[in-house]
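Scroll down for the structure; my scribbles are underneath it.
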Number of protein chains: 2
Amino acid sequence: MKNTTADKQARLFKALMHPVRIQILEILRNGEACVCHIEAILGLRQAYVSQQLAVLRRAGFISDRREGPNIYYRIIRHEVLDLLDMARALAGESESTLPLSAGCSCPRCATPIVLLERGV
Amino acid sequence: MKNTTADKQARLFKALMHPVRIQILEILRNGEACVCHIEAILGLRQAYVSQQLAVLRRAGFISDRREGPNIYYRIIRHEVLDLLDMARALAGESESTLPLSAGCSCPRCATPIVLLERGV
DNA sequence: CGATGATATTCAAAAAATCGCATACAATAG
DNA sequence: CTATTGTATGCGATTTTTTGAATATCATCG
């Protein structure tokens, strides 16, 4: 595998060239989320979401953390969000219309908002 | 073809996911260039360069202008250079090492530098 | 221990991108 | 008009990506 500057740049863009991966990053923009959460928001199968998460992980954009049976993903290279913003502007879109909440069964979603706000 | 915000963003990244196209944009960063020029700098065949230029043109990043037998390409969405810069930074590279001059037979290249500087 | 729920990985088929070759086209020279 | 030069496009073989289905793993509960 070649490793010029252009190759490295191309690999980053390659990881972003898929709408589902872009939507996943938009979800993670608001903070950690478990797979079941992403699955519920996007209406996609678990295995498929896991695959796309793996691509983003290999690209170095996100990382994961296990909490009991759930695995929470988060963005570790926040610059990638700037890339998304810039591309959105170039595409002539002002907002990314994405449902950000979803009813999934992970403990975080199951916990009433009131308690979350109290930091419980 | 779907047309959500994420789809549009993905199409832009798709046009940038190839090292040769990134290198072409880096060449055009310095101003107009004809196909023979790009061909000479990158050491690629003419038909191949034309194909990559077509992808960049369809993505709306560049435009062309005919001058006699030569066709000069230029960037029309300069924001794309910001995307390249940002990706380069994310890749941990500070400079794009790219030969910017080349000996090709187009009138512009054939004109001695001295004359170009005088605006001839 | 076995069962269950959450997630990851593997495999294969379908779709798309890459890239070389041949050819078409436009402009100029003769 | 014909030949030549600079460029574009069409076609096909190869490679890569996508996507679903099946399976594996890992933590927890009983």
Side-chain angles (χ1 to χ4, degrees), chain A residues 1-2 6-7 10-24 28 32-59 62-74 102-110, chain B residues 1-2 6-7 10-24 28 32-59 62-74 102-110:
Chain A
M1 150 174 116
K2 296 259 269 128
D7 283 305
R11 272 195 289 279
L12 293 185
F13 289 129
K14 215 171 246 197
L16 297 176
M17 81 172 171
H18 195 292
V20 166
R21 293 198 287 270
I22 291 176
Q23 289 178 308
I24 289 176
L28 296 182
E32 267 192 347
C34 60
V35 178
C36 66
H37 208 82
I38 298 168
E39 204 181 327
I41 292 179
L42 298 180
L44 298 171
R45 293 176 226 238
Q46 176 271 319
Y48 186 34
V49 170
S50 259
Q51 281 181 40
Q52 304 301 340
L53 283 168
V55 173
L56 291 172
R57 181 159 22 86
R58 281 194 290 268
I62 64 179
S63 184
D64 56 283
R65 175 179 71 82
R66 177 152 228 144
E67 193 176 300
N70 297 86
I71 297 183
Y72 288 87
Y73 279 88
R74 66 184 180 283
C104 71
S105 53
C106 70
R108 193 159 298 200
C109 286
Chain B
M1 150 175 114
K2 297 260 268 130
D7 284 306
R11 272 195 290 280
L12 293 185
F13 289 129
K14 214 171 248 194
L16 297 176
M17 82 170 170
H18 195 291
V20 166
R21 294 198 288 271
I22 291 177
Q23 289 178 308
I24 289 176
L28 297 182
E32 268 192 346
C34 61
V35 179
C36 66
H37 207 83
I38 298 169
E39 204 182 327
I41 292 179
L42 298 181
L44 298 172
R45 292 176 226 239
Q46 176 272 317
Y48 185 35
V49 170
S50 261
Q51 277 182 14
Q52 305 301 339
L53 283 167
V55 173
L56 291 171
R57 180 158 24 84
R58 280 194 291 270
I62 65 179
S63 184
D64 58 282
R65 174 181 72 81
R66 176 152 229 145
E67 192 175 301
N70 297 85
I71 297 185
Y72 288 87
Y73 279 88
R74 67 182 179 286
C104 71
S105 53
C106 70
R108 195 159 296 200
C109 287

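Each chain gets a letter, A, B and so on, in the order the sequences are listed, and its residues count up from 1. These numbers come from a predicted model, not from an experiment.
Within the 3.5 Å criterion, the main-chain N or O of A:Leu56 finds no donor-acceptor partner in the side chain of A:Arg21.
Rounded to whole Å, atom C1' of D:dT19 lies 15 Å from atom CG of A:Leu42. Distance OH (A:Tyr72) to P (D:dC26): 20 Å, rounded to an integer number of Å. Rounded to an integer number of Å, the gap from A:Lys2 NZ to D:dT15 P is 18 Å. Between A:Leu44 atom CG and C:dA6 atom P the separation is 17 Å, expressed in whole Å. Summarising the geometry, the separation between CZ on B:Arg65 and P on D:dA8 is reported as 13 Å, rounded to the nearest angstrom. Regarding B:Arg11, its CZ atom lies at a distance of 15 Å from the P atom of D:dT18, rounded to whole Å. Computed from coordinates, the B:Ile24 CD1 to D:dT7 C1' distance equals 13 Å when rounded to whole Å. When rounded to the nearest whole Å, the span between CG of A:Asp7 and P of D:dT16 equals 13 Å.
A distance of 7.5 Å separates CD1 in B:Ile24 from CG in B:Leu44, rounded to the nearest 0.5 Å. With rounding to the nearest 0.5 angstrom, the OG atom of A:Ser63 is 15.0 Å from the OH atom of A:Tyr72. Taking CD from A:Gln23 and CG from A:Leu28, the interatomic distance works out to 12.0 Å, rounded to the nearest 0.5 Å.
Residues A:Leu42 and A:Val49 fail the side-chain proximity criterion, which asks for heavy atoms closer than 4.5 Å. Between B:Leu53 and B:Ile71 there is no side-chain heavy-atom pair separated by less than 4.5 Å. In this structure, A:Val55 and A:Arg58 have side chains that are in contact, with non-hydrogen atoms separated by less than 4.5 Å. Put simply, the side chain of B:Phe13 does not reach to within 4.5 Å of the side chain of B:Met17, judged on heavy atoms.
Each end of the helix from C:dC1-D:dG30 to C:dG30-D:dC1 gets its own axis, taken as the rotation carrying the C1' atoms of four end pairs onto the next four within a five-pair window, and the two axes meet at 10° to the nearest 10 degrees.
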Encode nucleotides 24-30 of chain C as B, S and - characters from 5' to 3', where the letter depends on protein heavy atoms closer than 4.0 Å: B to the base, S only to sugar-phosphate, - to neither. --SSS--

Under a 4.0 Å heavy-atom criterion, the protein footprint on nucleotides 8-17 of chain C, written with B, S and -, is BBB------S

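Judged as a salt bridge (charged side-chain N to carboxylate O under 4.0 Å, His left out), and not counting sequence neighbours, the contacts of A:Asp64 are A:Arg57. Scanning for ring-ring contact (aromatic ring centres under 6.0 Å, His included) contacts around A:Tyr73 gives an empty result, with sequence neighbours left out.
Listed by first then second residue, pairs satisfying salt bridge (charged side-chain N to carboxylate O under 4.0 Å, His left out) with a partner in residues 32-42 of chain B read B:Glu32-B:Arg65, B:Glu32-B:Arg108, not counting sequence neighbours.
One finds a side-chain N or O of B:Asn70 lying less than 4.0 angstrom from the OP1 or OP2 phosphate oxygen of D:dT7.
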